Visitor: 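The following block contains the structure, expressed as structure tokens.
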Amino acid sequence: MKRRAWLTLGAVVLGGGGVVTYAVASPSSDPGAAGRAKRPAKVYDLALKGGTGDKRELPRTDTQPFSMLGVSWTGATKRLDGVAQVRTRSLKTGQWSAWQDLELNVDPLENPGAGVRGASEPLWVGPSDGMQVQVIRKNGTSGSALPKGLEVNLVDPGVLTDAKTKTGGTAAEPAAFVADVSPGTTASAPTDSATPSDGTTAAPTDGQTTTSPAATDTTPAATDSVPPSASASPTDSVPPSDPASPTDSVSPSPSTSSSAPPSAPPSTVPEPPIVSRADWGADESISPEAPEYTADVKAIFVHHTDGANDYSCADSPSIIRSIYAYHVQVSGWKDIGYNFLVDKCGTIFEGRKGGVDLPVFGAHTYGWNREAAGVAVLGDYTTTSATNATLASVARLAAWKLGQYGADPAGTTQLTAGADQRNYFNTNFTAGTKYTFQRISGHRDGYNTQCPGGLLYDQLPTIRTWASGPVQGLKVGSVDGAALSGSTYYTKGGITVRWTATTPASLISRFELLVDGKSVATTSGTATSAGVTLALGSHTVAVRAVHQSGRTATSAALSVVAETTAPTFTTNPNLSLRSGTVSTSAIPVTLGWKATDDKALRYVKLLSPTTATFGPTITTSNSAAKSGAATIWSMRAYDYAGNYRTSSPSYTPVILQETAATKSGSWATRSSTSYLGGQSYSSGSKGASLTWTFTGRSAAWVVSRAASSGQAYVYVDGTKISTVDLKSSTTLYRQAIWTKTWSSSAKHTIKIVVVGTSGRPTVTTDSLVYIK
């Protein structure tokens with residue numbers, strides 16, 4: 001019977017003269033209901049009468065609020081060969097949706113009880129207040145007329161309000177429909193509804209005469225249908241209202257069902273958080289029959305519920321209440337079919353009653369319910385992949401449930417077919433025969449349906465791997481407190497190792513930091529780093545992940561050296577003069593150094609008088625210095641461990657004007673702002689000379705150059721060491737054209753002598769610069 005004895009039936013007469021029945025649930029027997037104010041979910045039915053023999057429809061019709069709908073018909077074994085499409089009007093925006101197809105390829109029923117109806121899968125559309133429906137027979141079929149008693153079933157999810165938080169769902173209280181009925185069309189009550197309490201007689205649909213059974217306090221049980229090859233024990237009787245139960249009654253032992261609750265075996269992994277039926281608002285009054293149990297759970301079948309994926313996770317309880325009401329009050333089942341449901345945020349909900357830790361006999365996968373549990377993901381995953389949160393929760397749930405029976409979620413098992421059928425992949429099954437299934441399978445593996453959608457089905461290997469372990473994708477991302485040179489990390493001792501893994505943290509028991517193969521630190525499964533102080537010397541460092549199953553995975557080992565020896569300067573920073581244009585504020589200089597480390601030199605930093613960073617192989621850098629100022633040239637050498645050494649010598653560049661030189665021969669004074677100090681000496685006399693004496697480590701002769709400039713000899717400490725040609729195509733002033741550097745500071749004499757070059761004998765000297 002579609003409407004059970006525990007429902008009070010009412011009726012409202014529509015404007016067109018039709019009658020719409022509605023169900024009002026009696027007070028809930030839920031022991032947790034005392035803390036909540038409930039408005040239970042309700043189902044409303046409208047007959048589809050318009051159209052031809054190949055089509056039934058209902059025009060755009062105003063309704064009271066609903067959020068889920070489906071199409072049902074008389075006769076649970078009757079198939080609807082065609083298309084059922086719906087459009088709905090959003091309660092929020094007032095906009096009509098596009099046409100949406102209802103999934104009609106629902107698992108068939110075998111030996112269904114009286115009054116159980118055929119039905120599409122329900123479709124969640126969100127809060128709506130209008131709908132349009134059309135059902136069209138499949139083209140080219142013969143003898144496949146549309147079934148009788150076609151009606152659209154609208155589900156209002158009701159409201160579940162927690163007295164403490166005062167939160168709930170839609171606050172609108174639906175009444176009967178106010179329908180836009182086409183002239184001459186009568187909206188009638190479903191053919192198998194009981195007589196309304198107001199005495200109104202429900203009109204038959206499509207000319208079919210149906211006598212409704214009287215309401216009683218109990219529903220008689222039916223004996224399971226058993227193939228000749230097996231006999232069922234007396235405990236295998238199931239109510240006719242549960243469509244899946246009679247289909248699976250093949251093997252009396254060990255997988256027969258029983259109403260006696262078995263003991264809950266402990267699992268090898270932790271139980272995930274599960275929202276109870278009381279907390280999602282199950283109205284227990286509509287399904288008073290006791291749950292049934294099987295011997296164990298050998299496999300998990302994954303489903304999707306169809307419908308929109310843009311639902312808010314706050315609406316998940318409403319969606320589940322709607323599915324529950326649809327399964328019980330539309331399809332006539334004893335309870336919601338799925339054992340568990342999971343939303344896109346990863347929240348797990350208890351489905352069929354009987355105890356989440358017990359092997360409750362569900363109604364979800366035709367032919368395989370007696371040895372499996374079913375988990376449905378809210379939404380449609382035909383063109384959308386499930387979220388990682390969803391996959392992780394399905395994996396946790398499957399691992400826990402299968403772990404109660406010592407089963408590996410990544411393994412296979414033998415299931416006994418409860419019916420002759422074939423699956424989505426055209427594999428034929430014979431009732432009573434055993435077949436191999438993945439422990440975590442898709443609905444389509446057992447029955448010819450697209451469920452759980454192609455993209456979610458493609459994600460099942462990920463679910464199996466996450467559920468079974470070990471942890472996947474474990475790798476060290478970085479080592480704080482250490483630096484990498486080649487394939488080795490260097491540290492002064494203290495390091496923090498950071499890692500990542502692709503397996504969700506909710507499935508990981510713990511991480512262990514390993515040094516030289518031994519665990520030195522343990523963290524939770526949600527951690528991503530751990531620290532340790534290493535003893536001096538060479539070590540291997542790795543991370544071990546322990547899956548909740550106990551399986552372990554270890555990252556690649558890293559080579560880490562702990563050392564505290566600082567680098568050394570084999571050549572302290574030294575300053576030397578170089579060629580270039582000289583001014584009192586910027587004398588061209590070169591800074592040179594050499595640094596080494598006993599392990600690995602990382603870089604050298606110039607700290608003053610300016611800043612720069614140099615690689616480990618760089619030993620010189622050109623710069624400029626101010627004349628007459630003592631300047632500290634501070635450098636610091638770092639190794640990869642972070643050890644460092646600093647060297648900070650001081651140098652003073654000094655400009656010796658030409659007037660400070662000892663002259664010989666004829667020299668003329670020239671004045672110009674282009675000269676250092678505003679003047680210079682010039683001579684074209686062969687043998688004329690200038691001599692400077694100083695104490696320093698580097699020297700540069702500063703001159704002017706032009707097309708008419710001649711040559712000069714340079715003597716150092718009495719020895720001729722160079723002939724310098726000053727000719728230049730362009731006129732240049734203050735040019736350091738010749739330089740000399742010694743390894744240490746000492747007293748030196750520099751003498752320049754005019755060569756008297758033919759045609760261009762002139763030498764114009766500006767100064768001598770040295771560094772002390």
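Below, all heavy atoms of this structure are taken into account, side chains as well, without hydrogens, waters or symmetry copies. The structure displayed is predicted, hence computed values, not measured ones.
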Visitor: Could you tell me if Thr581 and Gln735 have a donor-acceptor pair between their side chains, going purely by distance under 3.5 Å?
Guide: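 Per modelled atom types, Gln735 and Thr581 side chains form a pair under 3.5 Å.
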Visitor: Counting distance only, does the side-chain N/O of Thr502 pair as donor-acceptor with the main-chain N or O of Gln472 below 3.5 Å?
Guide: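 Yes; at least one donor-acceptor contact below 3.5 Å.
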Visitor: For the pair Trp667 (side chain) and Ser689 (backbone), establish whether a donor and an acceptor sit closer than 3.5 Å, ignoring hydrogens and angles.
Guide: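 A pair under 3.5 Å: yes.
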Visitor: Distance alone, cut at 3.5 Å: any donor-acceptor contact between the side chains of Thr646 and Arg636?
Guide: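 Yes, because at least one side-chain N or O of Thr646 sits under 3.5 Å from a partner of the opposite role on Arg636.
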Visitor: With a 3.5 Å distance limit and no angle check, can you tell me whether Thr390 reaches the backbone of Asp343 through a side-chain donor-acceptor pair?
Guide: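 Yes: the side chain of Thr390 pairs with the backbone of Asp343.
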Visitor: Under the criterion side-chain contact (heavy atoms from CB on, under 4.5 Å), I'd like the reasoning laid out for Thr659 against Gln679: C-alpha separation, chi angles, the key distance, then a yes or no.
Guide: CA-CA 9 Å; Thr659 56; Gln679 64 180 19; 3.5 Å; yes
Visitor: Establish, yes or no, whether the cationic atom of Lys772 lies under 6.0 Å from the six-membered ring centre of Phe694 and within 45° of the ring axis.
Guide: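 Ring-cation test returns no.
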Visitor: Give a yes or no answer on whether the side chain of Asp480 reaches the backbone of Ile495 with a donor-acceptor pair at less than 3.5 Å.
Guide: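 Not confirmed, Asp480 side chain does not pair with Ile495 backbone.
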Visitor: Under 3.5 Å, is there a donor-acceptor pair linking the side chains of Ser468 and Asp408?
Guide: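 There is such a pair between these side chains.
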Visitor: Cation-pi between Arg444 and Tyr457: NZ/CZ under 6.0 Å from ring centre and within 45° of the ring axis?
Guide: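 Cation-pi check for Arg444 and Tyr457: passes.
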Visitor: Could you tell me whether the side chains of Thr596 and Thr568 share a donor-acceptor contact shorter than 3.5 Å?
Guide: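 Thr596 vs Thr568: donor-acceptor pair found between side chains.
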Visitor: Does any N or O in the side chain of Arg578 come within less than 3.5 Å of the main-chain N or O of Val589, such that one atom is a donor and the other an acceptor?
Guide: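 At least one qualifying donor-acceptor pair exists.
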Visitor: Is the closest side-chain donor-acceptor distance between Thr662 and Thr691 under 3.5 Å?
Guide: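 No, Thr691 and Thr662 have no side-chain donor paired with an acceptor closer than 3.5 Å.
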Visitor: Main chain of Trp692, side chain of His748: is a donor-acceptor contact present, judged purely on distance under 3.5 Å?
Guide: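 Answer holds: no.
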Visitor: Is the backbone N or O of Val702 less than 3.5 Å from a side-chain atom of Asp766, with the two atoms forming a donor-acceptor pair by type?
Guide: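 Not a single qualifying donor-acceptor pair exists.
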Visitor: Does Tyr490 have Lys599 sitting over its ring (NZ/CZ under 6.0 Å from centre, angle to axis within 45°)?
Guide: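 Relative to the ring axis of Tyr490, which defines the angle, Lys599 lies outside at least one limit.
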Visitor: Could you check whether Lys344 makes a cation-pi contact with Tyr311, meaning its NZ or CZ is under 6.0 Å from the centre of the six-membered ring and within 45° of the ring axis?
Guide: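 Output yes; distance and angle both within limits.
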